[in-house]
Engineer: 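Here it is, the structure in full.
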Amino acid sequence: MATIGFIGLGNMGGPMAANLLKAQHRIAGYDVVGAAIEALAEKGGHAAAGIAQAAAAGDVVITMLPAGPQVRDVYLGPDGVLAHARPGALLIDCSTIDVETARAVAAAAAEKGLQMLDAPVSGGTIGAAAATLTFMIGGDAAAFARAEPILAAMGRTIVHAGPSGSGQSAKICNNMILAASMIAVCEGFALAEKLGLPAQTLFDIASKSTSQCWAMTNYCPVPGPVPAAPSNRDYAPGFTAANMLKDLRLAQQAAGATGAATPLGAAAANLYQLYVDGGGGPRDFSGIMRFLRREEPGSGSSPANETKI
Ligand code: NAD
């Protein structure tokens, strides 16, 4: 079993590190939020005093951070992972970040003789808790082979997508599809409500019909049909709307740079921008249901479906 430094113990990193402990790995965990480290320590992890100590703890370092700037800081800072990792350590960044940062940090790691993978995930907090995440990996094949048995303790599907940055490319495409499908599901349930059709009835029909999708059957944005979904706990995240907006912006940047046509992706980015501007950023991304119902602060008096997107 490996000793692993784990940095970033939030909504995803916390349960992922817990699953590594369950698989008998030793974890030295660190987060800027003390309560997150304490929660890991209660499950049997070691509380690291900082990034440097977590990075030096083992032959594998895993990070699960909000976005590119935090990944640069944590890896490239003077007290960061690259300065303190053991020689030959394997570095695995599971955060969703821009392809450019993923490649730049991996190149800086390679200069120090360290293998690094971008390994973003899909499956949400439910998948993180159940160890059923999908990992999409960018980096070289030898590093992938080293990482696979460790990632298997946290996920069910582990795919080598290609060279450095390929995992992030797959992730932003996946999340652009997810955002558009979540909004479509919300709109369907909002319309059903206006038509007097109960949410459970629409769910029973649509979840077995052609509109069936993950956003509906695993993460239903109306309370009731899927008990584990954030809609049942007042849209506590889960996956925050702020992080979904971040991913949609990354997708739009990539679409702009490559000339890909993504009109629904652009509309989804605009709607999430409005939801976040109205105060929805810390809520789960499925909380955009409330924006469409005009319940969220900042949605204003004009109906969301009349908003220029
Ligand atoms: P989160 O905000 O809950 O967790 C991030 C953690 O990183 C926080 O606990 C924060 O305190 C910590 N952190 C920030 N800066 C740090 C630093 N310098 N040093 C140490 N710790 C630091 O976010 P999350 O929902 O766990 O998401 C993490 C990443 O995974 C994001 O990139 C997100 O887009 C991606 N993701 C999230 C989900 C989801 O459903 N939540 C699903 C797939 C991918």
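Starting from 1, each residue takes its place in the sequence as its number. Remember, it's 1-based here, ligands and their atoms both numbered in the order they're listed.
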Engineer: Please work out which of I37, T240, N243 has its closest non-hydrogen atom nearest to atom 23 (O) of ligand 1.
Structural biologist: N243
Engineer: R249 versus Q273: any side-chain heavy-atom pair under 4.5 Å?
Structural biologist: yes
Engineer: Determine all donor-acceptor pairs shorter than 3.5 Å in which one atom belongs to a side chain in residues 154-162; sequence neighbours excluded.
Structural biologist:
| unit_1 | atom_1 | unit_2 | atom_2 | d |
| --- | --- | --- | --- | --- |
| H160 | NE2 | G139 | O | 2.6 |
| H160 | NE2 | G162 | O | 3.3 |

Engineer: Which ligand 1 atoms, with their elements, are less than 4.0 angstrom from a heavy-atom of I7?
Structural biologist: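 Those of ligand 1 that fall under 4.0 Å from I7 are 20 (C).
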Engineer: Any idea which atoms of ligand 1 are less than 4.0 Å away from a heavy-atom of V33?
Structural biologist: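 Taking each heavy atom of V33 in turn, ligand 1 has 11 (O) under 4.0 Å.
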Engineer: Considering heavy atoms of the protein only, find what lies nearest to atom 15 (N) of ligand 1 and give residue, atom and distance to 0.1 Å.
Structural biologist: Q70 CG, 3.8 Å
Engineer: Tell me, which protein residue and heavy-atom name are nearest atom 19 (N) of ligand 1, and how many Å apart are they?
Structural biologist: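 Here the closest protein heavy atom is V32 CG1, 3.7 Å.
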Engineer: Just to confirm my output: which protein heavy-atom neighbour is closest to atom 43 (C) of ligand 1, and how far is it?
Structural biologist: V121 O, 3.4 Å
Engineer: Do the side chain of D118 and the main chain of G167 share a donor and acceptor less than 3.5 angstrom apart?
Structural biologist: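 Yes.
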Engineer: Does M244 have a non-hydrogen atom less than 4.0 Å from ligand 1?
Structural biologist: no
Engineer: Have a look at G50, G8, G10 and point out the one with the heavy atom closest to atom 4 (O) of ligand 1.
Structural biologist: G10
Engineer: Would you mind reporting whether F285 and L178 have side-chain heavy atoms less than 4.5 Å apart?
Structural biologist: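 Yes. Closest side-chain heavy atoms under 4.5 Å.
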Engineer: Decide yes or no for T240 and D284: does some side-chain heavy atom of the first lie under 4.5 Å from some side-chain heavy atom of the second?
Structural biologist: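 Answer no - side chains too far apart.
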Engineer: Return a yes/no value for V74: is any of its N or O atoms, backbone included, closer than 3.5 angstrom to an N or O of ligand 1?
Structural biologist: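 The answer is no, given that V74 and ligand 1 share no N or O pair closer than 3.5 Å.
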Engineer: Using a 3.5 Å distance criterion without hydrogens, assess whether the side chain of K246 forms a donor-acceptor pair with backbone atoms of T96.
Structural biologist: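 Judged by distance alone, yes, a pair lies under 3.5 Å.
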Engineer: For the residue pair Q252 / T262, report whether a side-chain donor-acceptor contact shorter than 3.5 Å exists.
Structural biologist: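 Looking only at side-chain atoms, Q252 and T262 do form a donor-acceptor pair, the distance falling under 3.5 Å.
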Engineer: From the options V185, L191, L197, select the one residue that forms a side chain to side chain contact (heavy atoms under 4.5 Å, CB included) with L202.
Structural biologist: L197
Engineer: Under 3.5 Å, side-chain donor or acceptor atoms of residues 43-64 against the rest of the protein: list the pairs with distances, not counting sequence neighbours.
Structural biologist:
| unit_1 | atom_1 | unit_2 | atom_2 | d |
| --- | --- | --- | --- | --- |
| Q53 | OE1 | A49 | N | 3.1 |
| T63 | OG1 | Y75 | OH | 2.6 |
| T63 | OG1 | D93 | OD1 | 2.7 |

Engineer: Please work out, at 4.0 Å between heavy atoms, whether the side chain, the backbone, both, or neither of M64 comes within that distance of ligand 1.
Structural biologist: both
Engineer: Check whether the ring centres of F239 and Y219 lie less than 6.0 Å apart, and answer yes or no.
Structural biologist: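 No - the distance between ring centres of F239 and Y219 does not fall below the 6.0 Å cut-off.
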Engineer: Report the nearest protein non-hydrogen atom to atom 2 (O) of ligand 1: residue, atom name, distance rounded to 0.1 Å.
Structural biologist: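 Protein heavy atom at minimum distance: P66 CG, 4.4 Å.
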Engineer: For ligand 1, is there an atom lying under 4.0 Å from some heavy atom of D73?
Structural biologist: no
Engineer: State whether the shortest distance between N or O atoms of A67 and N or O atoms of ligand 1 falls below 3.5 angstrom.
Structural biologist: no
Engineer: Provide, to 0.1 Å, the distance between atom 9 (O) of ligand 1 and the closest protein heavy atom, together with that atom's residue and name.
Structural biologist: D31 OD2, 2.6 Å
Engineer: Which atoms from ligand 1 have a heavy atom of T125 less than 4.0 Å away?
Structural biologist: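 Counting from 1, the qualifying ligand atoms are 40 (O).
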Engineer: With heavy-atom distances below 4.0 Å as the criterion, list the atoms of ligand 1 near K171.
Structural biologist: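 Numbered from 1, ligand 1 contributes 43 (C), 44 (C).
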Engineer: Considering heavy atoms of the protein only, find what lies nearest to atom 40 (O) of ligand 1 and give residue, atom and distance to 0.1 Å.
Structural biologist: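 Sorting protein heavy atoms by distance from atom 40 (O) of ligand 1 puts F239 CB, 3.0 Å first.
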Engineer: Using heavy-atom distances only, which candidate in D247, N174, T96, I126 approaches atom 44 (C) of ligand 1 most closely?
Structural biologist: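 Going through D247, N174, T96, I126 one by one, T96 has the nearest heavy atom to atom 44 (C) of ligand 1.
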Engineer: Considering only non-hydrogen protein atoms, determine which one is nearest to atom 1 (P) of ligand 1 and report residue, atom name and distance to 0.1 Å.
Structural biologist: N11 N, 4.0 Å
Engineer: Have R103 and Q168 got a donor and an acceptor in their side chains that come within less than 3.5 Å?
Structural biologist: no
Engineer: Would you say T101 and D98 are linked by a side-chain donor-acceptor pair, where the criterion is simply a distance under 3.5 Å?
Structural biologist: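 On atom types as modelled, these side chains qualify, holding a pair under 3.5 Å.
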Engineer: Counting only N and O atoms by type, is there a donor-acceptor contact under 3.5 Å from the side chain of Q70 to the main-chain atoms of A67?
Structural biologist: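 Answer holds: yes.
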Engineer: For L9 and ligand 1, does the shortest N/O to N/O distance drop below 3.5 Å?
Structural biologist: no
Engineer: Starting from atom 29 (C) of ligand 1, find the nearest protein heavy-atom neighbour and note its residue, name and distance.
Structural biologist: L65 O, 3.3 Å
Engineer: Please verify whether a non-hydrogen atom of G238 lies at under 4.0 Å from ligand 1.
Structural biologist: yes
Engineer: If you measure every N/O of K246 against every N/O of ligand 1, is any gap under 3.5 Å?
Structural biologist: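 Yes, there is a polar N/O contact under 3.5 Å.
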Engineer: For K112 and A83, indicate whether the former's side chain and the latter's backbone hold a donor-acceptor pair under 3.5 Å.
Structural biologist: no
